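Since we're looking at a predicted model, the values are computed, not measured. Only heavy atoms go into these numbers, but all of them, side chains included; no hydrogens, no water, no symmetry mates.
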Amino acid sequence: MSQQPIGVVGAGTMGQGIAQVLVQSGFPVKLYDVADEQLTRARGNLDKGLGKLVTKGKLSETDKDAALAQLDTTTALDALRDCEVIIEAAPEQPALKEKLFRDLSHLTHDAILASNTSSLSLTRLAGVCERPERVVGMHFFNPVPVLKLVEVIRAEQTSDATVARIEQLATDLGKTAVPVGDSPGFAVNRLLVPMINEAAFLVQEGAATPDAVDQAMKLGAAHPMGPLQLADLIGLDVCLAIMEVLQEGFGDPKYRPCPLLRRMVDAGYLGRKSGRGFHIYE
């Protein structure tokens, strides 16, 4: 295993989860965020996440301490200069991601730049980089420590060697890499988020309550979680952003975001992270 650190850009929910599976697997990690308080919060959450594994007997206290010792946090992007792979997990904003990839491309010559984007074009991100063949999508799913899938998205410019390295990294993390083309929403979100959007239409039209929609899909389609419960977990703002990407990318009215979903996001009802979405949370 390479002793070069792996960089993670963004210490939000996804960045924290990615950092956790990396340090659990023995990789040194440099976790970058613009805010010190977010990095402090991230370290505390990693400590709690690893602590739960200790409580369940899946990790020893010694291994937990060793994993946390692999984590380095920084507010200086330049600190990622020596990373072998840099995984970007910043908010789903095209301009922000393009700036990060442009800056990272200038910063490091040999690193693979992987994006955890859930829907944006990897070809477009690669296009702003000096070495576009080293840009790839590495899309994890929330909660990262639990879900096994990683979509590996090849941009038009991505080399075979870059794809192979990222697929191997996913395997090293105990994940299953599934290759997907660079199409809006990739595979999972192109199927999943329109279903969530249609569930929102059912509620908007008064055809069913959120509880009824979720219960129906759990009992009738064997889903472990109802679509609106899942929307609350993902974040309604993220679901809306993905629908907008699908609508723009395909130009098809079937991807029109539900007006209720848009109103809820405007109201700040984002799901679990805000305490209220289609359901109410403590």
Check: Which atoms form the tightest heavy-atom contact between D33 and A11, and what is the distance?
Finding: OD2-N, 2.9 Å
Check: Heavy-atom distance under 4.5 Å between the side chains of L120 and S115, does that happen here?
Finding: no
Checklist line | Stepwise salt bridge (Lys or Arg N to Asp or Glu O under 4.0 Å) check, D182 with R124 | finding: CA-CA 10 Å; D182 188 18; R124 181 172 168 179; over 6 Å; no
Notebook entry, point to check: Taking only residues two or more places apart in sequence, or in another chain, which ones meet A187 in a side-chain contact (heavy atoms from CB on, under 4.5 Å)?
Noted result: E151, V180
Margin query: With heavy-atom distances below 4.5 Å as the criterion, would you say the side chains of M195 and H223 are in contact?
Written below: yes
Margin query: Pair K273, D237 - check side-chain contact (heavy atoms from CB on, under 4.5 Å), show working.
Written below: CA-CA 11 Å; K273 59 188 173 184; D237 52 337; 2.9 Å; yes
Margin query: Can you give me the closest heavy-atom contact between R256 and N197, atom names plus distance?
Written below: O-ND2, 2.9 Å
Next item on the list: Please examine the side chains of L192 and L230, heavy atoms only from C-beta on, and report whether any two atoms are closer than 4.5 Å.
Entry: yes
Margin query: Checking A155 now: which residues fulfil side-chain contact (heavy atoms from CB on, under 4.5 Å) with it, not counting sequence neighbours?
Written below: L122, T123, A126, Q157, T158
Next item on the list: Mind telling me whether Y281 and H279 have parallel, tilted or perpendicular rings, with 30° and 60° as the class edges?
Entry: perpendicular
Checklist line | Pairwise distance NE2(H139) to CE(M14) - rounded to 0.5 angstrom | finding: 6.0 Å
Margin query: Between the side chains of D47 and K64, is the shortest nitrogen-to-carboxylate-oxygen separation below 4.0 Å, so that they form an ion pair?
Written below: yes
Next item on the list: Rounded to the nearest 0.5 Å, what's the gap from CD on E248 to OG on S121? Could you check?
Entry: 10.5 Å
Next item on the list: Say whether, by atom type as modelled, one donor and one acceptor occur between the side chain of S25 and the main chain of F27 under 3.5 angstrom.
Entry: no
Margin query: Could you check whether any side-chain N or O of R81 sits under 3.5 Å from a backbone N or O of L107, counting only pairs where one atom can act as donor and the other as acceptor?
Written below: yes
Notebook entry, point to check: Can you tell me how far CG of L80 sits from CD1 of I6, rounded to the nearest 0.5 angstrom?
Noted result: 12.0 Å
Item checked: Atom pair CD1/CG of I196 and D232 - distance to nearest 0.5 Å -> 9.5 Å
Next item on the list: Side-chain contact test, heavy atoms from C-beta onward, threshold under 4.5 Å: evaluate it for V188 versus V178 and give yes or no.
Entry: no
Next item on the list: Under 4.5 Å between side-chain heavy atoms, chaining through other members, with only Ile, Leu, Val, Met, Phe, Trp and Tyr counted: pull out the rest of the cluster around L191, sorted by chain and number.
Entry: none
Notebook entry, point to check: Judged by atom type as modelled, is there a donor-acceptor pair below 3.5 Å linking the side chain of Q70 to the main-chain atoms of G26?
Noted result: yes
Next item on the list: Answer with yes or no whether the hydrophobic clustering places L96 together with L125; edges join I, L, V, M, F, W, Y residues whose side-chain heavy atoms lie under 4.5 Å apart.
Entry: yes
Check: Judged by atom type as modelled, is there a donor-acceptor pair below 3.5 Å linking the side chain of K175 to the main-chain atoms of V144?
Finding: yes
Notebook entry, point to check: Between the side chains of Q38 and R41, does any donor sit under 3.5 Å from an acceptor?
Noted result: yes
Margin query: Determine whether a donor-acceptor pair (N or O, by modelled atom type, separation under 3.5 Å) exists between the side chain of T171 and the backbone of E167.
Written below: yes
Notebook entry, point to check: Of all heavy-atom pairs between S118 and N189, which one has the smallest distance, and what is that distance?
Noted result: O-ND2, 3.0 Å
Notebook entry, point to check: Restricting to pairs with a member in residues 74-118, which pass ring pair (Phe, Tyr, Trp, His ring centres under 6.0 Å), not counting sequence neighbours?
Noted result: none
Notebook entry, point to check: Which other residues end up in the same hydrophobic cluster as M264, if Ile, Leu, Val, Met, Phe, Trp and Tyr are linked when side-chain heavy atoms come under 4.5 Å apart?
Noted result: L202, V203, V213, L228, L236, L240, L260, L261, V265, Y269, L270, F278
Check: Is the closest side-chain heavy-atom distance between D63 and L53 below 4.5 Å?
Finding: no
Next item on the list: With sequence neighbours left out, write down each residue that passes salt bridge (Lys or Arg N to Asp or Glu O under 4.0 Å) with K97, or none if nothing qualifies.
Entry: E88, E92
Check: Are V85 and L104 joined in one hydrophobic group, where the rule is that I, L, V, M, F, W and Y side chains link up if heavy atoms are under 4.5 Å apart?
Finding: no
Notebook entry, point to check: Looking at CG of D103 and CG of D78, how far apart are the two atoms once the value is rounded to the nearest 0.5 Å?
Noted result: 11.0 Å
Check: Can you find a pair of side-chain heavy atoms, one from R263 and one from Q204, that are under 4.5 Å apart?
Finding: yes
Next item on the list: Write down the atom of G174, the atom of K148, and the distance for their closest heavy-atom approach.
Entry: O-CD, 3.5 Å
Next item on the list: Supply the atom-to-atom distance M243 CE to R262 CZ, rounded to the nearest 0.5 angstrom.
Entry: 10.0 Å
Margin query: With a 4.5 Å cut-off on side-chain heavy atoms, are F140 and L173 touching?
Written below: yes
Item checked: Hydrophobic cluster identity match, V23 and L147, side-chain contacts under 4.5 Å -> no
Checklist line | Side chain to side chain, P184 and R190, heavy atoms closer than 4.5 Å | finding: no
Check: What are the two closest heavy atoms between V128 and E98, and how far apart are they?
Finding: CG2-O, 3.7 Å
Check: Would you call R154 and D160 a salt bridge, using N to O less than 4.0 angstrom?
Finding: yes
Notebook entry, point to check: Any idea which heavy atoms bring P145 and V21 closest together, and the distance?
Noted result: CA-CG1, 3.6 Å
Note to self: Please identify which of these residues, I87, T162, V163, V135, meets the side chain to side chain contact (heavy atoms under 4.5 Å, CB included) condition with I112.
What the structure shows: T162
Checklist line | Joint hydrophobic cluster, L169 plus L149, side-chain heavy atoms closer than 4.5 Å | finding: no
Item checked: Hphob cluster co-occupancy, V150 + I242, side-chain heavy atoms under 4.5 angstrom -> no
